[in-house]
2 protein chains.
Amino acid sequence: MLLLTTSVRHSIHVGIDNMEKTMTYHHGNLKQALLDRAAEVIAEQGIEALSLRGLARDVGVSHAAPARHFRDKKALLSALANEGYLRFSAYVTDAAEKAGADPVARYNAMGRSVIRFALTYPAYFATFNHPDVSQAADEGLLKSHKEYMEIVLMAAAQAQAAGWQPDIDPLVLMAFSSAAATGTANMLSNGRGSDIFKGRDMEVLAEQIINLVVPPSADQCAQPNDIKVRQGENA
Amino acid sequence: MLLLTTSVRHSIHVGIDNMEKTMTYHHGNLKQALLDRAAEVIAEQGIEALSLRGLARDVGVSHAAPARHFRDKKALLSALANEGYLRFSAYVTDAAEKAGADPVARYNAMGRSVIRFALTYPAYFATFNHPDVSQAADEGLLKSHKEYMEIVLMAAAQAQAAGWQPDIDPLVLMAFSSAAATGTANMLSNGRGSDIFKGRDMEVLAEQIINLVVPPSADQCAQPNDIKVRQGENA
DNA sequence: CCAACATGTTGCTATTGACAACATCAGTCC
DNA sequence: GGACTGATGTTGTCAATAGCAACATGTTGG
């Protein structure tokens with residue numbers, strides 16, 4: 001079933017290039033088929049259940065065929081993480097766009113979208129957060145990650161310019177909010193703590209937490225005329 | 001070498017129970033030796049490099065011996081995670097004690113200690129944060145984790161009573177701070193972002209971030225009677 | 001002393017990752 | 001048009017591993 005699904009989907013891709021023959025050549029585009037099936041397997045059974053041979057079976061090729069496209073398992077995971085990261089990045093950027101013009105509201109929306117992504121696409125999130133992957137991250141993944149961090153950094157700086165945490169180093173702000181958002185996403189997407197949070201709406205919880213990171217709009221930042229604290233520097 | 005170290009260390013343990021015979025019986029206490037060696041391997045080469053057979057070799061027993069003590073690899077990791085979690089919990093509690101009486105300062109210190117633990121004992125931290133482990137968490141680990149969360153929850157509530165975030169659900173506060181601390185610890189202990197944070201002192205960075213989660217002392221919480229400063233005059 | 005038990009060993013099978021040699025197909029060059 | 005080349009996939013193989021079963025050895029208690 002699943003293999004058919006993917007195969008068919010890819011035969012369409014192939015069809016774009018070679019109209020006539022839909023599936024003549026060996027497989028079509030094995031590479032993408034493997035990535036797609038890998039995402040399915042991870043979503044269903046977790047990363048540890050992933051095997052190159054299993055993927056090959058599912059997709060209907062011999063056990064060594066994947067080696068042509070992915071040197072080893074890590075390379076496949078790395079590629080999948082890359083794909084997921086691009087979606088993730090687009091997802092977060094999109095959330096910012098939809099939030100309107102207020103930089104603080106945009107930043108808040110980005111934070112919430114991080115968690116929503118983790119809950120919506122757990123396979124991708126689990127993949128590019130997996131220790132094995134980030135340990136053996138290839139060139140492209142590092143680059144994607146850095147670009148994403150820079151996007152967040154700019155968004156943080158803009159939120160700051162709109163009144164959020166005016167006295168803090170933007171890089172620290174970025175690190176803080178990224179860590180909080182990612183940490184929350186991790187906490188809510190894997191089982192940990194599900195006991196204590198049982199019965200809570202994840203979306204609501206996520207929103208409450210993110211609102212502690214950055215307010216939902218600029219007019220809720222501490223403003224010049226607000227009560228403000230300044231009793232010593234935060235080292 | 002390493003095996004000798006562990007063997008000797010454990011023969012001491014054994015000696016406590018049976019004074020005379022230090023190492024007569026098959027190994028001594030294989031279980032703890034395996035756990036210790038596992039911690040070493042993880043620290044050196046990461047979790048994915050861990051194999052039961054490799055551990056058995058290192059410790060000097062046959063390949064099937066570990067099975068008597070750990071049904072499978074996950075069981076060993078689970079036990080190791082449990083051990084690490086106890087240390088972690090004690091470490092954080094200890095940090096709170098050393099921070100004195102101010103509940104806010106205590107909570108802040110706990111947050112910093114989470115990150116310090118991750119940087120000091122990366123093997124333990126990586127183990128009980130590893131997806132495989134938390135996915136297949138056994139009874140004891142879940143219980144340890146829940147107890148820890150309740151300790152943090154109480155500490156959060158006490159910090160709140162001392163003036164921190166008076167209007168927020170304590171459970172949300174706990175989730176927020178845990179996620180932020182754990183997320184930061186993850187970010188700093190694995191390589192991710194090391195590029196952007198290059199050249200920064202991890203301890204300082206951690207402190208700055210945690211100070212955004214909870215102020216370093218109760219008198220720095222936003223309070224009606226605090227010194228009020230117009231933002232324009234700051235900085 | 002013997003029986004039950006815990007602990008460790010040896011041997012086996014199945015799965016997996018990784019590699020090498022070979023086969024097939026497409027496009028190109030002469 | 002036919003051989004060359006490169007990309008893709010197949011078959012065969014090897015080493016490492018997990019997991020199981022049968023057996024051996026040391027320990028303990030009746």
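Within every chain, numbering begins at 1; the chains are lettered A, B, ... in the order of the sequence lines, protein sequences first and strands thereafter.
When atom types are taken as modelled, the side chain of A/K143 and the backbone of A/D138 share no donor-acceptor pair closer than 3.5 angstrom. Judged purely by atom type and a 3.5 angstrom limit, B/D201 uses its side chain to pair as donor or acceptor with the backbone of B/E203.
One interatomic measurement links the two molecules: CZ of A/R57 to C1' of D/dG9, which rounds to 17 Å at whole-angstrom precision. With rounding to whole Å, B/L50 atom CG is found 14 Å from D/dA16 atom C1'. Between B/L55 atom CG and D/dG19 atom P the separation is 13 Å, expressed in whole Å. Going from atom CZ of A/R53 over to atom C1' of D/dG9 covers 14 Å, rounded to whole Å. Atom C1' of nucleotide D/dT25 and atom CG of B/L30 are separated by 15 Å, given to the nearest angstrom.
Ring-plane geometry between B/Y85 and B/H145 is classed as tilted, the angle between the planes lying from 30 to 60 degrees on a 0 to 90 degree scale. Ring orientation note: the planes of B/F88 and B/F128 are tilted relative to one another, at an angle of 30° to 60°.
You'll find that the side chain of A/H63 is closest to C/dC19, out of C/dT9, C/dC19, D/dT17. In this structure, the nucleotide among C/dT9, C/dA18, C/dA20 sitting nearest to the side chain of B/R68 is C/dT9.
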Exercise. Any chance you could lay out the side chain to side chain contact (heavy atoms under 4.5 Å, CB included) test for B/S89 and B/I151, step after step, and finish with the verdict?
Key: CA-CA 9 Å; B/S89 194; B/I151 290 174; 4.2 Å; yes

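Remark: B/D72, B/K73 in residues 69-81 of chain B come within less than 4.0 Å of DNA chain D through at least one heavy atom.
Summary of the strand contacts: B/A67 and B/G54 both lie near DNA chain D, and taking for each the nucleotide with the nearest heavy atom, the more 5' one is attributed to B/G54.
Under 4.0 angstrom from either OP1 or OP2 of D/dT11 there lies no side-chain N or O belonging to A/S62.
A/N129 and A/S134 are not linked by any side-chain donor-acceptor pair at a separation below 3.5 angstrom, with hydrogens and angles left out of the test.
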